[in-house]
Amino acid sequence: MHELYTSLAEYYDAIYRRRAERIGEEIDFVEEVFREDAELEVRRVLDLACGTGIPTLELARRGYEVTGLDLHEEMLSVAREKARNEGLNIKFLQGDALEISFEEEFDAVTMFFSSIMYFDDSAIQGLFNSVKRALKPGGVFIADFPCWFYGEGDGPIVWDERKDHEKLIITDWREVGSAFQKLHFKRLIQIIKPDGSVRAFMVDDELNIYTPREMRLLAERHFRKVRIYGNLRRELRPDDRRYWLVAIR
Ligand SMILES: C[S@@+](CC[C@H](N)C(=O)[O-])C[C@H]1O[C@@H](n2cnc3c(N)ncnc32)[C@H](O)[C@@H]1O
């Protein structure tokens, strides 16, 4: 089910190389939200579902005191090694975001790159509860998720990347179960070794689709102030393709 985060964890940064190269722009926006929306000075950040730490490390580079938590040890071991190589002091914890038991310890909680789509209608309520408890009053929760019908009906997307001496060919497509708002995200990853031999992996993930309005209505049950922004601006425009939930405890 989660091959991308287990057997393929060491390839995650290569697969998402282009996004990783732009992480500075994402974190510029997140810092603007910290300054303008949080009602306290943000210093301590909990990055939930931190994966290989692409955003986690960037936050630490900018001087935040960061804790990263992820379900998969394989992702965390990549993140730990990268942090060690850069001499960054980040606490990485293995665990389920639904089972965290922090009490008013963080100024901000983040959940990047559509990770919030792993939580269905009932789980997301538990997630909001745990995040709210982990935040200090006035602290901010930030999570991004995509516009699900953008690209709907388009054929598979194919691209290639490199990792050391291996070539990766990645083929993505998706199927939408409209009635239950489930997105079946499918991916074929072919890893070609220098001797020409090929290993292939199929990823088949079920994600939960949320519209910006649904996300706002759900979050409003738990947080004092909720805003939805689009792309990397503190406003929402009709053609935005990625949304940012910003919720204040
Ligand atoms: C798309 S990746 C995003 C990783 C990282 N946030 C980033 O921006 O690159 C989704 C991550 O969510 C993690 N994940 C999924 N369900 C989780 C849960 N219940 N608790 C903690 N992490 C979870 C996966 O292990 C994976 O690392």
Side-chain angles (χ1 to χ4, degrees), residues 1-30 33 45-62 64 66-83 90-102 106 108-131 133-134 141-146 148 161 170 172 174 182-187 189 201 203-210 232 242-245:
M1 173 82 178
H2 284 302
E3 294 85 351
L4 188 57
Y5 309 136
T6 53
S7 355
L8 291 167
E10 61 175 310
Y11 294 99
Y12 183 91
D13 286 16
I15 294 168
Y16 289 115
R17 179 186 56 80
R18 281 177 259 185
R19 185 254 175 163
E21 284 172 2
R22 291 195 313 269
I23 196 63
E25 291 166 37
E26 258 179 67
I27 302 301
D28 286 347
F29 170 71
V30 166
V33 171
V45 182
L46 172 63
D47 186 27
L48 289 177
C50 66
T52 59
I54 294 170
T56 333
L57 266 74
E58 183 63 19
L59 285 163
R61 285 182 201 114
R62 297 184 188 207
Y64 296 96
V66 192
T67 300
L69 180 138
D70 200 275
L71 201 51
H72 293 105
E73 193 53 56
E74 292 88 341
M75 296 293 272
L76 290 168
S77 80
V78 175
R80 284 194 190 101
E81 190 185 341
K82 291 194 306 185
I90 303 173
K91 193 192 283 180
F92 285 108
L93 306 172
Q94 190 277 326
D96 188 329
L98 290 175
E99 287 168 13
I100 56 170
S101 53
F102 302 107
F106 295 95
V109 176
T110 51
M111 188 175 250
F112 289 100
F113 210 39
S114 311
S115 306
I116 199 161
M117 294 178 82
Y118 281 108
F119 301 85
D120 66 16
D121 314 12
S122 135
I124 207 167
Q125 307 274 353
L127 176 73
F128 286 151
N129 255 324
S130 314
V131 167
R133 245 197 345 264
F141 175 47
I142 307 178
D144 62 311
F145 57 104
W148 69 273
E161 291 292 351
I170 304 129
D172 276 3
R174 56 194 197 159
K182 299 287 182 188
L183 186 134
H184 291 269
F185 169 69
K186 307 199 180 204
R187 168 172 282 174
I189 300 176
F201 293 84
V203 174
D204 187 348
D205 238 352
E206 186 182 85
L207 299 167
N208 299 278
I209 291 167
Y210 291 101
L232 297 175
R242 179 159 287 273
Y243 310 116
W244 292 81
L245 165 69

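One-based numbering along the sequence shown. Just follow the structure's listing: the first ligand is 1, and inside any ligand the first atom is 1. A quick note: this is a predicted structure, and the numbers were derived from the prediction, not measured.
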Between the side chains of Arg242 and Ser114, is a donor N or O closer than 3.5 angstrom to an acceptor N or O?
-> yes

Is Asp13 paired with Lys82 through a side-chain N to carboxylate O contact shorter than 4.0 Å?
-> yes

Residues Arg61, Glu58: salt bridge by 4.0 Å N-O rule | yes

As an exercise, identify every atom of ligand 1 less than 4.0 angstrom from a heavy atom of [X].
{"X": "Gly51", "result": "4 (C), 27 (O)"}
{"X": "Gly95", "result": "20 (N), 21 (C)"}
{"X": "Met75", "result": "27 (O)"}
{"X": "Phe119", "result": "18 (C), 19 (N)"}

If we only consider heavy atoms of [X], is any one of them less than 4.0 Å away from an atom in ligand 1?
{"X": "Ser114", "value": "no"}
{"X": "Asp96", "value": "yes"}
{"X": "Tyr16", "value": "no"}

Quick one: CE on Met75 to CG on Leu4, what's the gap to the nearest 0.5 Å?
-> 6.0 Å

Pairwise distance CG(Leu93) to CZ(Phe102) - rounded to 0.5 angstrom = 5.5 Å

Which residue and heavy atom of the protein sit nearest [atom], plus the separation:
{"atom": "atom 27 (O) of ligand 1", "answer": "Asp70 OD2, 2.7 Å"}
{"atom": "atom 10 (C) of ligand 1", "answer": "Ser115 OG, 3.4 Å"}
{"atom": "atom 20 (N) of ligand 1", "answer": "Ala97 N, 2.8 Å"}
{"atom": "atom 9 (O) of ligand 1", "answer": "Arg19 NH1, 2.8 Å"}
{"atom": "atom 15 (C) of ligand 1", "answer": "Tyr118 CD1, 3.9 Å"}

Parallel, tilted or perpendicular: which describes the rings of Tyr118 and Tyr5, with under 30° parallel and over 60° perpendicular?
-> perpendicular

Which word best sums up how the rings of Phe141 and Phe128 line up, parallel for under 30°, tilted for 30 to 60°, or perpendicular for over 60°?
-> perpendicular

Residue portion contacting ligand 1 (non-hydrogen atoms closer than 4.0 Å) for [X]:
{"X": "Tyr12", "result": "side chain"}
{"X": "Cys50", "result": "backbone"}
{"X": "Tyr5", "result": "side chain"}

Measure the shortest side-chain to side-chain distance between Glu10 and Tyr12 over non-hydrogen atoms and say whether it is less than 4.5 angstrom.
-> no

Count the heavy atoms belonging to other residues, nucleotides or ligands that lie under 6.0 Å from CD of Glu81, then report whether that count exceeds 12.
-> no

Short N/O distance, under 3.5 Å, between Leu71 and ligand 1?
-> yes

Starting from the C-alpha separation in whole Å, work towards a yes-or-no answer on salt bridge (charged side-chain N to carboxylate O under 4.0 Å, His left out) for Lys186 and Asp205.
-> CA-CA 6 Å; Lys186 307 199 180 204; Asp205 238 352; over 6 Å; no

After noting the C-alpha distance and the side-chain angles of Arg22 and Glu26, does the key distance pass the salt bridge (charged side-chain N to carboxylate O under 4.0 Å, His left out) rule?
-> CA-CA 7 Å; Arg22 291 195 313 269; Glu26 258 179 67; over 6 Å; no

Evaluating non-hydrogen atoms only, which member of Ala143, Ala20, Ala49 is closest to atom 14 (N) of ligand 1?
-> Ala49

